[in-house]
Amino acid sequence: MEKYKTLMEMNRKIVFGEEISDTEKEEAVSILLNGICDKEDILKYKRRMKVKAETDNMYPNYYIPPQNGNKKLRLIQGYLPKTNILYANHYELEVIRLLYMFIPENQTVDEMVKNTLQRLKGTCFGNSCAQGECLTTGISVLRFLAVVQPDNTEWIDQLLNPLGEIFLSFGNGQAAIQKGIPMSYLLMAFTDINNEKTKELIMQKKEWLLGLLRRGWITGKLSNGKISEGDTYNLMGKYIIRNAIGTLPEYEDVSKYEIYVSGSDERCYCNI
């Protein structure tokens with residue numbers, strides 16, 4: 001769980017625009033590097049997933065996703081995954097991605113990146129599979145590529161194009177999940193890539209996204225006084241949308257658009 005908590009906290013800080021000190025980076029790197037799973041544990045995990053462990057590409061080679069009483073934990077932006085394919089690959093790709101951001105010249109990290117890229121090339125979700133959460137897993141691949149191979153436009157476009165089409169079809173209703181896609185996680189990938197295609201996609205949905213930013217979202221406490229775990233991520237969702245909007249020229253200075261929780265209704269808003 002320590003690795004998971006570290007991964008979640010580092011990503012939260014990045015999304016919120018908080019400074020990560022060198023000490024925090026060193027501590028995170030130590031926890032994540034020391035947490036690489038034994039090969040035998042990886043093989044056991046893959047056998048539980050009912051794949052041929054020695055030749056499998058669909059599941060991780062370095063990091064087994066944590067379980068909380070045999071239950072999956074949430075993705076870095078709050079989505080609760082349904083399949084092991086998404087859960088396992090999201091976890092490994094996000095961990096290695098973070099390590100590469102912090103220590104890109106480390107030999108162990110470099111080896112993990114190279115081997116993981118090779119693994120992903122042999123997967124359906126690494127090649128724009130449009131079936132269920134395989135498509136969503138492609139978002140994790142996009143974020144991974146945006147950091148470790150940002151110039152690989154052919155591969156990035158292969159994943160981006162179908163996800164972009166779905167994004168443009170998003171409409172009114174529940175913002176968190178649209179057509180089976182966690183919207184804020186997709187926006188994180190768009191923000192990472194930050195090229196003309198992603199800017200155009202965000203521009204086409206700008207008014208819809210601005211509406212979501214201005215709307216009051218529950219931050220955890222429901223009208224009956226109970227706490228909804230999923231809604232506690234709404235504040236983070238606001239920052240993710242704001243960061244995506246911030247890739248557009250007219251909104252570059254995102255820091256001036258304050259995100260806050262109102263004292264009157266305990267909902268989060270943005271003054272954009």
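Keep in mind that the numbers below use all heavy atoms, side chains included, and drop hydrogens, waters and symmetry copies. Only a predicted model underlies this, so the values are computations on that prediction, with no experimental measurement involved.
- A donor-acceptor contact under 3.5 angstrom links the side chains of Asn89 and Arg119, judged on distance only.
- The distance from the CE atom of Met58 to the CG atom of Leu120 is 10.5 Å, given to the nearest 0.5 Å.
- By the 4.5 Å heavy-atom criterion applied to side chains, Phe167 and Leu187 are counted as neighbours.
- Closest approach of Pro65 to Tyr45, counting heavy atoms only: CG-OH, 3.6 Å.
- For Ser262 and Ser264, the side-chain atoms include at least one donor-acceptor pair closer than 3.5 Å.
- Contact record, Arg214 with Ile272: NE-O, 3.0 Å, taken as the closest heavy-atom pair.
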Exercise. Report the C-alpha separation of Thr198 and Leu160 in whole Å, then their side-chain angles, then the decisive distance to 0.1 Å, and conclude whether the side chain to side chain contact (heavy atoms under 4.5 Å, CB included) test is met.
Key: CA-CA 8 Å; Thr198 56; Leu160 180 61; 4.0 Å; yes
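- Glu18 CD: more than 12 foreign heavy atoms inside a 6.0 Å radius.
- Looking only at side-chain heavy atoms (C-beta outward), Asn34 and Lys3 stay at 4.5 Å or farther from each other.
- Of all heavy-atom pairs between Lys256 and Asn271, the closest is O-OD1, 3.9 Å.
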Quiz item: Under the side chain to side chain contact (heavy atoms under 4.5 Å, CB included) criterion, do Leu209 and Ile202 qualify, and how do the steps go?
Solution: CA-CA 8 Å; Leu209 292 171; Ile202 293 168; 3.9 Å; yes
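- With rounding to the nearest 0.5 Å, the separation of CG in Asn243 from OG1 in Thr191 is 6.0 Å.
- The cationic group of Arg12 lies under 6.0 Å from the six-membered ring centre of Phe16 and within 45° of the ring axis, placing it in a cation-pi geometry.
- Residues Tyr260 and Tyr233 fall into different hydrophobic clusters, defined by Ile, Leu, Val, Met, Phe, Trp and Tyr side chains chained together at heavy-atom separations under 4.5 Å.
- Criterion: ILVMFWY side-chain heavy atoms under 4.5 Å apart, direct or through other members. Under it, Met49 and Ile64 are part of a common hydrophobic cluster.
- Defined by atom type and a distance below 3.5 Å, a donor-acceptor pair is present between the side-chain atoms of Ser255 and Asp253.
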Quiz item: When you look at Lys205 and Glu200, which way does the salt bridge (charged side-chain N to carboxylate O under 4.0 Å, His left out) test go after all the steps?
Solution: CA-CA 9 Å; Lys205 300 295 288 186; Glu200 179 58 27; over 6 Å; no
Self-check item: Stepwise salt bridge (charged side-chain N to carboxylate O under 4.0 Å, His left out) check, Arg47 with Glu40
Solution: CA-CA 11 Å; Arg47 292 185 190 113; Glu40 187 56 37; 3.6 Å; yes
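- Shortest non-hydrogen contact noted between Leu235 and Cys268 is CD1-CB, 3.8 Å.
- Between atom CZ of residue Phe144 and atom CG of residue Asp192 there is a gap of 12.5 Å, rounded to the nearest 0.5 Å.
- Side chain of Arg242 to main chain of Tyr257: a donor-acceptor pair is present (N/O by atom type, distance under 3.5 Å, no hydrogens or angles).
- Residues Met183 and Ile240 have side chains not in contact (no heavy-atom distance under 4.5 Å, counting atoms from C-beta outward).
- Side-chain contact check for Ser140 and Tyr185: at least one donor-acceptor pair (N or O, by modelled atom type) lies under 3.5 Å.
- Between Ile96 and Met112 the shortest heavy-atom distance is CD1-CB, 4.2 Å.
- A donor-acceptor distance shorter than 3.5 angstrom exists from the side chain of Glu24 to the backbone of Ser21, with no hydrogens or angles considered.
- Judged by distance alone, the side chain of Asn68 and the main-chain N or O of Lys71 form no donor-acceptor pair under 3.5 Å.
- Side chains of Gln107 and Glu111: a donor-acceptor N/O pair is absent below 3.5 angstrom, by distance only.
- Note that CD1 of Ile139 and CZ of Phe190 are 8.0 Å apart. Values are rounded to the nearest 0.5 Å.
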Practice problem: Show your reasoning for whether side chain to side chain contact (heavy atoms under 4.5 Å, CB included) applies to Phe102 and Ile20. | Solution: CA-CA 10 Å; Phe102 288 172; Ile20 302 176; 4.2 Å; yes
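- Note: the hydrophobic cluster containing Ile259 does not contain Tyr269 (ILVMFWY, side chain heavy atoms under 4.5 Å, direct or indirect links).
- Arg267 contributes a side-chain N or O that, together with a main-chain N or O of Gly216, makes up a donor-acceptor pair within less than 3.5 Å.
- Nearest heavy-atom pair across Met203 and Glu250 is CE-OE2, 3.7 Å.
- Side chains of Gln77 and Ser184: a donor on one and an acceptor on the other come within 3.5 Å.
- Considering only heavy atoms from C-beta on, Ile42 stays 4.5 Å or farther from Tyr59 through its side chain.
- With contacts defined as side-chain heavy-atom distances shorter than 4.5 Å, the pair Thr137/His90 does not qualify.
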Self-check item: CA sep, side-chain torsions, deciding dist, call: Leu145, Leu117, side chain to side chain contact (heavy atoms under 4.5 Å, CB included)
Solution: CA-CA 9 Å; Leu145 292 175; Leu117 287 169; 3.7 Å; yes
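- Leu86 and Leu80 fall into different hydrophobic clusters, where Ile, Leu, Val, Met, Phe, Trp and Tyr side chains are chained together by heavy-atom contacts under 4.5 Å.
- Checked by atom type and distance alone, the side chain of Thr6 pairs as donor or acceptor with a backbone atom of Glu2 at under 3.5 Å.
- Between the side chains of Asp157 and Thr153, no donor-acceptor pair is found at a separation under 3.5 Å.
- Taken together through direct or relayed side-chain contacts under 4.5 Å among Ile, Leu, Val, Met, Phe, Trp and Tyr, Leu33 and Ile31 form parts of separate hydrophobic clusters.
- If you take CD on Glu94 and CG on Leu32, they are separated by 11.5 Å, rounding to the nearest 0.5 Å.
- Rounding to the nearest 0.5 angstrom, the gap separating the CD1 atom in Ile76 from the OH atom in Tyr4 is 10.0 Å.
- For the residue pair Lys46 / Asn61, a side-chain donor-acceptor distance below 3.5 Å is found, with atom types taken as modelled.
- The backbone N or O of Gly126 lies less than 3.5 Å from a partner atom in the side chain of Trp155, making a donor-acceptor pair.
- Of the possible donor and acceptor atoms, one in the side chain of Glu92 sits under 3.5 Å from a partner among the backbone N and O of Tyr63.
- Under the 4.5 Å side-chain criterion, counting only non-hydrogen atoms from C-beta, Leu99 is not in contact with Tyr62.
- Not a single donor-acceptor pair under 3.5 Å links the side chain of Lys199 to the backbone N or O of Leu248.
- For Lys114, the NZ atom is loosely surrounded, since the number of other residues' heavy atoms within 6.0 Å does not exceed 12.
- Judged purely by distance below 3.5 Å, without hydrogens or angles, the side chains of Asp110 and Tyr100 never pair a donor atom with an acceptor atom.
- The side-chain heavy atoms of Asp151 and Ile156, taken from C-beta on, include no pair separated by under 4.5 Å.
- Judged by distance alone, the side chain of Asn234 and the main-chain N or O of Gly237 form no donor-acceptor pair under 3.5 Å.
- Distance alone, capped at 3.5 Å, is enough to place a donor-acceptor pair between the Asn127 side chain and the Thr123 backbone.
- The side-chain heavy atoms of Leu7 and Tyr91, taken from C-beta on, include a pair separated by under 4.5 Å.
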